[in-house]
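Encoded as structure tokens, the structure appears first; notes follow it.
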Amino acid sequence: QVRLVESGGGLVQAGDSLRLSCAASGVTFSYYVMGWFRQAPGKEREFVAGISRSGSSRYYADPVKGRFTISRDNAKDTVYLQMNSLEPEDTSVYSCAADGTNMGPSRFARAYDYWGQGTQVTVSS
């Protein structure tokens with residue numbers, strides 16, 4: 001079966017950095033566009049970043065541009081989200097998602113076929 005497992009979340013202070021990882025199994029990883037989404041309590045899920053199959057194209061939501069970097073290692077079946085200069089507003093559950101249909105990353109959750117359970121990121125002021 002397909003599994004996406006996130007790790008790397010935690011409690012940090014404003015200005016700190018975290019690197020999230022998402023390990024995939026049960027799929028041919030290089031065939032999938034990968035994305036990161038986040039959802040805070042009482043709020044809608046929002047797109048954070050996406051990356052193409054080869055890693056050559058990246059797409060970011062405006063609130064994280066210049067602070068977050070998405071990358072992937074197809075040899076390790078893993079996608080990463082490097083988060084720098086974290087702010088309290090970044091506090092959310094972060095989930096990774098896989099899209100086996102489209103050629104490039106989408107900001108819409110409906111484009112993605114598989115989802116991980118998420119990892120909590122909490123940023124204190």
Side-chain angles (χ1 to χ4, degrees):
Q1 72 277 15
V2 176
R3 290 189 68 200
L4 302 176
V5 181
E6 301 94 338
S7 62
L11 173 63
V12 298
Q13 295 182 338
D16 285 353
S17 297
L18 281 174
R19 188 180 75 159
L20 306 183
S21 298
C22 173
S25 61
V27 298
T28 302
F29 184 70
S30 63
Y31 289 179
Y32 285 81
V33 170
M34 299 298 296
W36 286 96
F37 289 76
R38 66 187 184 186
Q39 186 170 24
K43 297 183 179 180
E44 295 183 351
R45 181 166 51 192
E46 65 175 348
F47 172 78
V48 177
I51 189 167
S52 62
R53 297 173 182 180
S54 68
S56 62
S57 297
R58 302 173 184 179
Y59 176 43
Y60 298 94
D62 286 341
V64 308
K65 286 181 179 177
R67 299 189 297 120
F68 291 9
T69 302
I70 188 171
S71 62
R72 67 191 296 161
D73 186 342
N74 287 348
K76 296 182 178 180
D77 293 351
T78 302
V79 62
Y80 305 94
L81 185 68
Q82 178 66 46
M83 305 185 294
N84 298 328
S85 301
L86 283 162
E87 304 168 352
E89 292 76 16
D90 297 317
T91 296
S92 284
V93 174
Y94 285 73
S95 300
C96 67
D99 173 9
T101 302
N102 300 294
M103 294 298 296
S106 173
R107 70 182 182 91
F108 299 108
R110 63 178 178 268
Y112 295 86
D113 303 302
Y114 303 106
W115 294 81
Q117 291 296 111
T119 185
Q120 177 71 46
V121 172
T122 303
V123 185
S124 63
S125 60

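From a predicted model like this one, the values you see are computed outputs, not experimental measurements. Only this structure's heavy atoms are used, side chains among them; waters, hydrogens and symmetry mates stay out. When a residue number appears, it is its place in the shown sequence, counting from 1.
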Joint hydrophobic cluster, V93 plus V64, side-chain heavy atoms closer than 4.5 Å: no
Under 3.5 Å, which donor-acceptor pairs do the side chains of residues 10-25 form with other protein atoms, sequence neighbours left out?
residue : atom : partner : partner atom : Å
D16     : OD2  : Q13     : N            : 3.2
S17     : OG   : N84     : OD1          : 2.9

Joint hydrophobic cluster, Y80 plus M83, side-chain heavy atoms closer than 4.5 Å: no
Heavy-atom closest contact (A49 atom, L81 atom, distance): CB-CD1, 4.2 Å
Summary of ring pair (Phe, Tyr, Trp, His ring centres under 6.0 Å) pairs that have at least one residue in residues 101-125, sequence neighbours excluded: F37-Y112, F37-W115
Within one Ile-Leu-Val-Met-Phe-Trp-Tyr cluster: L4 and I70, side-chain cutoff 4.5 Å: yes
Those residues that, when tested against S124, pass side chain to side chain donor-acceptor pair (under 3.5 Å) (two or more places apart): none
For S54, all residues meeting side chain to side chain donor-acceptor pair (under 3.5 Å), sequence neighbours excluded: S56
Smallest separation among heavy atoms of V33 and S52, with atom names: CG2-CA, 4.4 Å
Joint hydrophobic cluster, V79 plus V5, side-chain heavy atoms closer than 4.5 Å: no
Residue pairs, two or more places apart or on separate chains, that pass side chain to side chain donor-acceptor pair (under 3.5 Å) and touch residues 64-74: D62-K65, R67-D90, R72-N74
Whether Q117 side chain and E6 backbone form a donor-acceptor pair below 3.5 Å: no
With Y94 via ring pair (Phe, Tyr, Trp, His ring centres under 6.0 Å) - residues at least two apart: none
For Q120, side chain to side chain donor-acceptor pair (under 3.5 Å) partners two or more places apart: T122
Selection residues 39-53 - residue pairs positive for salt bridge (charged side-chain N to carboxylate O under 4.0 Å, His left out), sequence neighbours left out: R38-E46
Residues which pass ring pair (Phe, Tyr, Trp, His ring centres under 6.0 Å) with Y59, listed by chain and number, not counting sequence neighbours: F47
M34 side, atom CE; C96 side, atom SG - distance, nearest 0.5 Å: 5.0 Å
Salt bridge (charged side-chain N to carboxylate O under 4.0 Å, His left out): pairs with one or both residues in residues 98-125, sequence neighbours excluded: none
